[in-house]
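Read through the structure below, which is laid out as structure tokens, and then see the notes.
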2 protein chains.
Amino acid sequence: MTSQSTPTLQDVADAANVSTATVSRCLNFPDKVAPETRQKVQDAIAVLGYSPNFGARAMAARRTNTIGAIIPTMENAIFARGLEAFQKELRKHGFTMLVASTGYQPKVEEEQIRSLVARGADALLLIGYQRDPEVYRFLEAQGVPVLLTWAFDPVSARPSIGFDNKAAMQEMAGKVIAMGHRKLALISADTGLNDRAAARYDGVLRAMSIAGLDPAQLYFEETAYGIEEGAAAFDRLMALPDRPTAVFCGNDVLAVGALRQARALGLCVPQDVSVIGFDDIELAQVAYPALTTVHVPHHEMGRRAGQALARHLRDGEPMVPMQLRTRIILRDTLIPV
Amino acid sequence: MTSQSTPTLQDVADAANVSTATVSRCLNFPDKVAPETRQKVQDAIAVLGYSPNFGARAMAARRTNTIGAIIPTMENAIFARGLEAFQKELRKHGFTMLVASTGYQPKVEEEQIRSLVARGADALLLIGYQRDPEVYRFLEAQGVPVLLTWAFDPVSARPSIGFDNKAAMQEMAGKVIAMGHRKLALISADTGLNDRAAARYDGVLRAMSIAGLDPAQLYFEETAYGIEEGAAAFDRLMALPDRPTAVFCGNDVLAVGALRQARALGLCVPQDVSVIGFDDIELAQVAYPALTTVHVPHHEMGRRAGQALARHLRDGEPMVPMQLRTRIILRDTLIPV
DNA sequence: TTGTAAGCGTTATCAG
DNA sequence: CTGATAACGCTTACAA
């Protein structure tokens, strides 16, 4: 009774003259099987080129050793470093990462969440807090653990491993103000959809208040994500009658766009205007002038997230929220006014 | 007989007072079901919050509407644009993309291939031609169609949608030589593991031969992938007694590293040395000076690959190889010697 | 240590 | 148009 197409457990069992149960054990608990039996089975597996059917396994075992990660975008490497670390850590623990991206669209994120859950993801890694409560209910109902990252909200009860976007930006803004800058601008991603962007915005406002500046004076440019968009927003700011002397950017990608546009306009950064980024992705070092920015511990964040999830799944350890520190990286795009 | 945990087809069937077959039909062929029945079922689905189990579905239907894409790296956005387009196109046709990355390690690629196949990928998108023939045999045995991309080899029989790396680089090198450059260097990724890198290398050599230069005179720096690595290689080249006047780079990431190092060394690009990239990713425009490079039609490549695969899977259309054109983008890092 | 057999949640064939 | 029912390939008590 040889199968025509791809070999199954049964085929292996037949070939090795054992039961399917034994083959299964060989695969999952090798030491629960007698050495010689194991050898026979492994030979059969090799000969047939057998490899287990994931769907069937998932269905029978009711777990997949797979963890889904859903990020807003795969472009521009904003999340790449962190994910890389996450995936490496998971691998160590025998888990596989599945990635999906949403293009910053909540609807798409919901789809992706459902899709990954339907695919049997044992847990999910999501970026930021903000999403329809319905989504969280769904996840809870399905019994899928979720770890949030890239943000840390001390008041939220949801487990997260990230950093305080507001505090980080506030610190940076405080420094900029201390350098004498008074005319400030912020180029930001959509604060309505993106809680990290919103928090960073709040950070700038808070720093202004504390310094006795009127937050209403902040030039605020909200824009889509991308180098072009950053450039366009910067262009609008520079067309203002009373130009800002320091332009914060919600992320390094926008900042690099701003830098490019400054060049196009014949403006010198930082002499004519200072530009400040956020994230410290590789781009920031390569940009010219090298970008002053807020360093996010991408690698550590990914690693710890992987660790937390793996331990939770394997040993049932509860996932404890963890706040990581950011730090200001002074490069060449910021000088006192 | 209500299920305790996540609802199943059976639960829906019970709730709607129909058979599981009918529910399944509602899901897959809505118009093969009477409108009122359909309504009942849909209500039940909504009430229970049912969503189909992917593994079970895959097992029963023997297809997943999922296509796997395996790329060398997710960092630096080299493949990001193309993948994005690929994924968008697939979505249009009702397919889902699953990504995996290999870190440029053949062993890891094999693992990922097996993993995606085990997960039931209906087809695979792979980068480049070069891999163990055993892998191709495995894929064939499993009946999994494969489309290659990011390369185009006219003599290979395997379906691919890409461009001719060698011809592209040769054209660029020809141009550089025509500008009077004689002392040439190439910073390349590992040509042993990476057929795109090897082809680009060959392109430079060929252009030299054609121009009557001795290919053996090419300064060749083979290095790992990354900005740091590009910088280090450039540094070694500049330490040479008889410096090259033009430095080709196997990709934009290496080129940007070279640019950074030039700055660090106090060298002016392009006055002191010309630098040439390959790929034309966003980085190339943002770099300073803006990078002269070979434009790869990322978007079109991804889109067409998605189209070809979707049609093949849906309508059984054969996948025909397609060669896309690259073009030289002259920006600010190359001048005549 | 190994085998038997009952699921796991769908799809799809075949009657009705 | 709808309902039984047999797969699909694997895991896991439970027995031997």
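All of these numbers come straight from a predicted model, not from anything done at the bench. Numbers restart at 1 for each chain; the letters A, B, ... are given by sequence-line order, proteins then strands.
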Is the phosphate of [N], meaning OP1 or OP2, less than 4.0 Å from a side-chain N or O of [X]?
X     : N     : answer
B/R62 : D/dG9 : yes
A/T22 : C/dG3 : yes
B/S19 : D/dA4 : no
B/R57 : C/dG9 : no

[X] [atom1] - [N] [atom2] separation (whole Å):
X     : N      : atom1 : atom2 : answer
B/M59 : D/dC10 : CE    : C1'   : 7 Å
A/K32 : D/dT12 : NZ    : C1'   : 12 Å
A/N53 : C/dT10 : CG    : P     : 16 Å
B/L9  : C/dA12 : CG    : C1'   : 13 Å

Among C/dT10, C/dG3, D/dT12, the nucleotide that comes nearest once only the side chain of B/Y50 is considered: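 So the nucleotide nearest the side chain must be C/dT10.
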Shortest side-chain distance from B/A60, nucleotide among C/dT2, D/dT12, C/dT11: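 Given the options C/dT2, D/dT12, C/dT11, the side chain of B/A60 is closest to C/dT11.
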With nearest nucleotide decided by heavy atoms, which residue, A/D31 or A/A21, maps closer to the 5′ end of DNA chain C?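 The residue closer to the strand's 5' end, by nearest nucleotide, is A/D31.
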Donor-acceptor side-chain pairing of B/R314 and B/H93 below 3.5 angstrom: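 The answer is yes; a qualifying pair exists.
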